[in-house]
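Here the structure is a predicted model, which means the values were calculated and not measured.
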2 protein chains.
Amino acid sequence: MAEGNRRYQARWYQTVQKRLPVLRWLPKYSLQWLQLDIIAGLTVGLTVVPQALAYAEVAGLPMQYGLYSSFMGCFVYCLLGTAKDVTLGPTAILSLLVSSYAFHDPVYAILLTFLSGCIQLVMGLLHLGFLLDFISYPVIRGFTSAAAVTIGFNQVKALLGLQNIPRQFFLQVYYTFSRIGETRTGDAVLGLICLIVLTGLQQMKNRIPTVYCMERFSVKISKLIVWATATARNALVVLFAGLVAYSFQVTGSQPFTLTGTMPQGLPPFQPPPFSKVTPNKTVHFGEMVQAMGAGLAVVPLMGLLETVAIAKAFASQNNYQIDPNQELLAMGFTNLCGSFVSSYPVTGSFGRTAVNAQTGVCSPAGGIITGSLVLLSLAYLTSLFYYIPKSALAAVIICAVAPMFDARIFHTLWQVKRLDLVPLCVTFLLCFWEVQYGIVAGVLASGILLLYPIARPPIKVSKHETIILQPASGLYFPAIEFLRDTVNKQALSAPSLRTVILDCTHVNSIDYTVVIGLTELLREFRSRRISLIFISMQAHVLQILQAADLEGFYNFKSLEDAEKSCEEELCRINEVLLDGSDSILPTSGIIQ
Amino acid sequence: MAEGNRRYQARWYQTVQKRLPVLRWLPKYSLQWLQLDIIAGLTVGLTVVPQALAYAEVAGLPMQYGLYSSFMGCFVYCLLGTAKDVTLGPTAILSLLVSSYAFHDPVYAILLTFLSGCIQLVMGLLHLGFLLDFISYPVIRGFTSAAAVTIGFNQVKALLGLQNIPRQFFLQVYYTFSRIGETRTGDAVLGLICLIVLTGLQQMKNRIPTVYCMERFSVKISKLIVWATATARNALVVLFAGLVAYSFQVTGSQPFTLTGTMPQGLPPFQPPPFSKVTPNKTVHFGEMVQAMGAGLAVVPLMGLLETVAIAKAFASQNNYQIDPNQELLAMGFTNLCGSFVSSYPVTGSFGRTAVNAQTGVCSPAGGIITGSLVLLSLAYLTSLFYYIPKSALAAVIICAVAPMFDARIFHTLWQVKRLDLVPLCVTFLLCFWEVQYGIVAGVLASGILLLYPIARPPIKVSKHETIILQPASGLYFPAIEFLRDTVNKQALSAPSLRTVILDCTHVNSIDYTVVIGLTELLREFRSRRISLIFISMQAHVLQILQAADLEGFYNFKSLEDAEKSCEEELCRINEVLLDGSDSILPTSGIIQ
């Protein structure tokens with residue numbers, strides 16, 4: 001009994017470990033891990049603070065909401081996440097989606113976070129992660145490339161200091177170019193300098209030579225400084241731009257558009273809003289849900305897609321396994337909790353996850369440092385954020401999204417598989433109009449490419465003495481009308497025809513609609529006095545047709561068998577067919 | 001030049017003939033055809049008038065709208081139809097759909113007719129008839145069986161003379177049974193008599209022996225009378241019930257619920273309404289369209305489905321060809337024109353088409369007689385329709401829809417293909433709640449059954465010295481994650497493994513998402529120092545992978561080739577893999 005009890009406890013502990021992955025790595029935690037985790041956590045923190053401010057701008061929300069969204073994910077993922085490198089937080093793509101679905105209103109954004117969290121939790125509990133399998137690579141690339149262009153161009157107005165530009169992409173392009181003369185020199189110069197510095201540091205980072213043990217100390221140190229500067233480039237550039245802006249402020253003139261005042265302190269801990277009260281009227285929960293519409297499907301699904309894609313990429317790079325459904329639970333729980341601290345929907349960030357991995361993080365505990373850094377900034381630094389020039393933040397975002405645009409994919413697909421250009425282009429182009437239309441149309445387009453060979457399977461026709469038709473794959477209901485038409489057309493094309501053979505070698509599956517279609521086909525052929533014979537049918541397919549008890553159904557093992565039997569048996573049947581009425585035929589016969 | 005001109009004219013005439021099939025049969029028209037067409041036209045006319053009144057009741061519209069809907073199809077189909085037997089007009093199924101989508105308001109119903117017509121025309125012009133292929137047989141049977149129950153039960157209240165029963169199916173069942181005590185004796189008795197007479201005549205019709213030339217004249221005549229009575233049974237029963245009701249009216253008491261007054265005369269010829277004006281407010285076009293919602297997809301598609309299914313059935317029975325896209329044009333044009341004479345959406349009627357075929361119609365010209373009969377009834381008989389008891393019409397409908405309920409299909413599917421019970425039951429059950437939910441859910445369920453083998457293809461695993469994996473079918477994007485997981489799991493299950501072989505014999509197609517997935521898989525295996533080798537790849541699949549230029553991709557013609565080469569080449573590669581870093585590997589190699 002004690003044995004059974006112990007076994008039960010062990011199983012219970014395993015289940016808990018699966019749902020609380022922190023229990024797996026915490027017992028192994030060491031001082032060396034702690035050092036590396038602290039360095040990684042600080043580095044990611046220095047990246048997330050400026051990015052959070054900038055992404056809030058992309059989402060169309062006041063800037064503090066970016067920071068409100070940046071810490072919950074770090075803490076929750078530390079407990080529930082299965083990938084050591086992943087960091088959850090605001091991302092470019094989700095910010096873009098939030099800007100379409102939350103109407104630049106924090107109330108909607110927070111409710112969207114809450115509902116997305118609930119949906120992701122339910123999906124995780126129902127193991128619906130497999131739905132991602134139906135989003136093909138061209139659709140993902142089309143969407144991310146379009147998002148990169150949209151988000152990047154969205155920042156051009158901030159980079160140039162233009163005011164009152166509409167948010168819709170096409171209007172934005174039009175107004176940005178038509179009002180380019182109103183560019184503010186200060187913003188444009190600072191923005192371009194930041195852009196150049198960021199690009200330069202990024203390039204430098206890609207080319208840092210490895211540090212070898214044998215090298216001189218001064219070489220090591222200089223390499224380390226270059227590495228640290230390049231890794232924390234976002235924070236450094238924003239800090240530098242803020243200092244410049246502050247100097248100008250002190251001298252009395254201000255050539256830059258600044259971030260401006262931001263409420264100090266941590267966000268309130270309160271339940272998400274389930275209605276919106278304005279002086280004029282109250283918008284109820286139902287109306288808010290209806291207004292967000294497709295967003296309630298697109299936001300949780302794209303969030304999931306980003307996290308799982310990133311987790312898989314880094315898991316395979318660093319050689320560990322992740323559990324997509326546990327990732328879904330971690331993200332759902334992050335959003336659910338986030339909605340209590342005014343967060344907008346978050347997901348895994350590719351850029352910051354890469355920083356985390358490169359800095360050598362050892363466990364998700366690095367997230368605790370990152371989260372604490374964000375909380376500290378919120379508590380003590382918001383007054384300093386006043387001086388951050390908007391054009392510097394714009395440069396940070398442009399550099400973050402630029403690698404997402406993948407122009408080579410068009411060329412690659414042209415060379416490798418041209419048909420896949422259809423979902424790519426459909427998604428890419430329609431995403432400029434409305435993100436959800438692009439994704440839905442892309443998924444539909446790849447679905448059509450998927451279903452086309454099922455609905456119109458290639459049928460090989462060979463004409464000897466008789467006509468032999470051979471479908472190239474399984475027969476499913478969308479194909480049966482096509483098969484009937486093809487068989488009929490072939491049969492009508494040869495006036496003196498007496499036998500048509502259907503070679504079912506490759507038919508590995510069949511459904512009831514096909515059975516009904518074949519029944520009809522047999523009846524039509526009977527009334528035309530032509531015999532329709534099946535050959536080489538696989539056993540389990542034959543079983544289905546036998547169960548259906550088709551009238552006048554004949555199956556032979558091979559073409560030779562059919563021809564041999566035709567000499568004896570079928571000629572007799574044909575005679576009967578040609579002489580008498582239908583009623584004297586045997587109702588069903590399977591000759592093997 | 002005259003030759004070219006003549007050829008051009010001939011081609012032009014062929015195109016016109018294709019779009020105006022009347023030109024094909026009119027030149028061949030004979031006096032004998034005329035006789036048979038007149039008899040068939042009259043017989044169908046005698047069926048359509050009582051049915052039209054009854055179906056209008058099903059659609060929740062005033063009864064004259066049934067007749068308004070019954071003549072346009074006859075005339076238009078005569079010009080544009082490709083099947084001689086088909087008659088267009090109000091049907092049970094479309095009436096049920098109209099009752100859900102037109103809110104029992106003629107203004108909505110007529111607009112729905114107009115829009116359905118436009119949608120069907122556009123579908124016909126774009127050759128979208130193939131969309132029907134994606135509605136599987138179990139979904140159709142589930143829908144028609146549920147519709148038969150819904151429509152049949154809907155008539156029970158009229159049969160029993162119950163008043164004020166709600167229209168929603170479940171409420172209807174509840175209230176019909178809870179208020180069964182309020183049954184009006186007159187209605188119930190008359191209804192049951194009509195039901196028994198109709199059923200008896202229908203049974204008689206199925207058993208009429210063939211008329212032989214040799215028989216005595218009196219036998220022939222009696223057989224003919226039985227046939228005529230059975231064929232025109234609907235009209236006769238309604239006439240008889242009307243006469244009974246009239247006699248009671250004359251004597252001063254009236255035990256039946258009567259049809260009541262109906263506006264005399266033909267419907268006005270006017271454009272369909274594009275807005276609805278009430279004393280209180282105006283409902284605009286956009287709001288009306290939004291209110292009809294899914295109906296704008298379901299009504300045209302189900303209309304198309306009914307017509308094409310019926311046309312195909314009778315075309316194959318009577319050995320002629322139909323053109324689904326021309327049928328779509330004929331029906332679209334019928335609805336478009338119908339909306340100018342206050343018609344609600346119409347389609348091919350199975351019952352009346354069968355009557356038409358059995359009476360021996362020779363061309364669609366029979367429709368002219370039917371249409372004229374309806375117009376004459378509208379012009380001169382509406383005052384007589386006052387006396388038709390509603391319970392008699394209910395009996396007509398119950399007898400018309402009863403054969404649509406197919407209980408055997410559940411048993412048949414259980415025996416033949418159990419998986420197809422899923423879409424059947426989903427459709428059948430959900431259709432009681434809302435028709436569109438049932439159809440959409442059924443189509444989705446059969447879609448999932450269709451996609452499942454694509455997303456989770458069977459992978460045969462054989463373990464010899466190495467592990468060999470063989471996917472059973474083509475690899476498409478929904479399957480790649482599953483393939484990766486399977487391959488990884490197999491590779492991790494054998495610790496000392498050095499080679500995994502992927503046998504691609506059955507892989508007849510591949511897409512770019514799969515290419516990316518294989519790239520990742522190769523990279524993962526490289527980092528684990530295991531070689532992943534492809535064998536028996538089909539030429540066009542290999543071409544795609546070659547174009548993608550995968551790093552470390554090896555393909556062999558057969559397992560033997562791979563094993564042979566392994567001795568020489570691969571062992572070397574494996575040594576390199578085990579000793580050195582990735583960078584000294586050749587970037588891509590295809591050994592054949």
Query raised in the report: What part of Ile544(B) lies closer than 4.5 angstrom to a heavy atom of chain A: side chain, backbone, both or neither?
Result: both

Query raised in the report: So do the side chains of Tyr512(B) and Leu424(A) get within less than 4.5 Å of each other, counting heavy atoms only?
Result: no

Query - Contacting region of Ile480(A) [heavy-atom separation from chain B under 4.5 Å] - result: neither

Query raised in the report: Are there more than 12 heavy atoms of other residues, nucleotides or ligands under 6.0 Å from atom NE2 of His540(B)?
Result: yes

Requested in this report: Under 4.5 Å, counting heavy-atom pairs only, tell me which of Leu419(A), Ile140(A), Val139(A), Ile510(A) racks up the most with chain B.
Outcome: Ile510(A)

Report task. Between chain A and each of Val416(B), Asn488(B), Val514(B), count heavy-atom pairs under 4.5 Å; write down the option with the most. Result -> Val416(B)

Query raised in the report: With only heavy atoms counted, which part of Ile409(A) is less than 4.5 Å from chain B, the side chain, the backbone, both or neither?
Result: side chain

**Report entry** Identified side-chain contact (heavy atoms from CB on, under 4.5 Å) partner of Tyr476(B) from the options Pro453(A), Ser446(A), Ser136(A)
**Finding:** Pro453(A)

Report task. Look at Pro478(A), Ser509(A), Ala547(A), Pro138(A) and state which one has the largest set of heavy-atom pairs under 4.5 Å with chain B. Result -> Pro478(A)

Report summary line: Output for pair (Lys417(B) NZ, Gln543(A) CD), nearest 0.5 Å, gives 11.0 Å

Query raised in the report: Which pair of heavy atoms, one from Arg456(B) and one from Phe130(A), lies closest together, and at what distance?
Result: NH2-CB, 3.4 Å

Query - Region of Asp420(A) that comes under 4.5 Å of a non-hydrogen atom in chain B - result: side chain

Report task. Give a yes or no on whether Arg418(A) atom CZ has more than 12 heavy-atom contacts from other residues, nucleotides or ligands under 6.0 Å away. Result -> yes

Query raised in the report: At their closest point, which heavy atom of Tyr137(B) faces which heavy atom of Thr513(A), and how far apart are they?
Result: N-OG1, 3.0 Å

Requested in this report: Counting only heavy atoms closer than 4.5 Å, note whether Arg141(A) contacts chain B via side chain, backbone, both or neither.
Outcome: neither

Query - Approximate separation, where rounding is to 0.5 Å, of Leu450(A) CG and Ile454(B) CD1 - result: 4.0 Å

Requested in this report: Could you look at Ala455(A) and say if it's the side chain, the backbone, both or neither that has a heavy atom under 4.5 Å from chain B?
Outcome: side chain

